[in-house]
Amino acid sequence: MQTSRHISFAILAVTLIAGSTILSQHAGLFAGAFRTEILARVDNGDVVSAADIAAVAHDAGPLDRASAR
């Protein structure tokens, strides 16, 4: 008795799409498409340190601390 080997259309389609995507990537079709360059500059005045936060918290009154919570 022979059994039929049925391949689902969805599995075949997903395999075909994945294979073609891998081959396209290997061929360089997506070269640079998934690369992100971060172009930013941080000035010293923009940086907040723990000492700055402690100084602001120390200068705040008791009512300001309660409302911040």
Side-chain angles (χ1 to χ4, degrees):
M1 186 181 274
Q2 292 180 348
T3 59
S4 65
R5 298 199 177 246
H6 178 69
I7 297 176
S8 173
F9 177 74
I11 294 173
L12 187 60
V14 168
T15 304
L16 183 66
I17 290 170
S20 63
T21 303
I22 290 171
L23 288 176
S24 297
Q25 181 188 17
H26 185 69
L29 184 65
F30 298 120
F34 301 109
R35 183 180 56 204
T36 303
E37 294 181 19
I38 299 173
L39 303 175
R41 186 177 71 210
V42 178
D43 296 328
N44 286 337
D46 296 338
V47 177
V48 178
S49 67
D52 296 335
I53 295 171
V56 169
H58 181 39
D59 293 339
L63 293 177
D64 291 337
R65 285 189 202 142
S67 64
R69 291 182 193 164

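Everything numeric here is computed off the predicted structure, so don't read it as measured data.
Residue Asp52 comes nearest to Val47 through the heavy atom pair OD2-O, 4.0 Å, listed as atom of the first residue, atom of the second, then distance.
For the atom pair CG of Leu12 and CD1 of Ile17, the computed distance is 10.0 Å after rounding to the nearest 0.5 Å.
Considering only residues two or more places apart in sequence or on other chains, Thr15 meets the side-chain contact (heavy atoms from CB on, under 4.5 Å) condition with Ile11.
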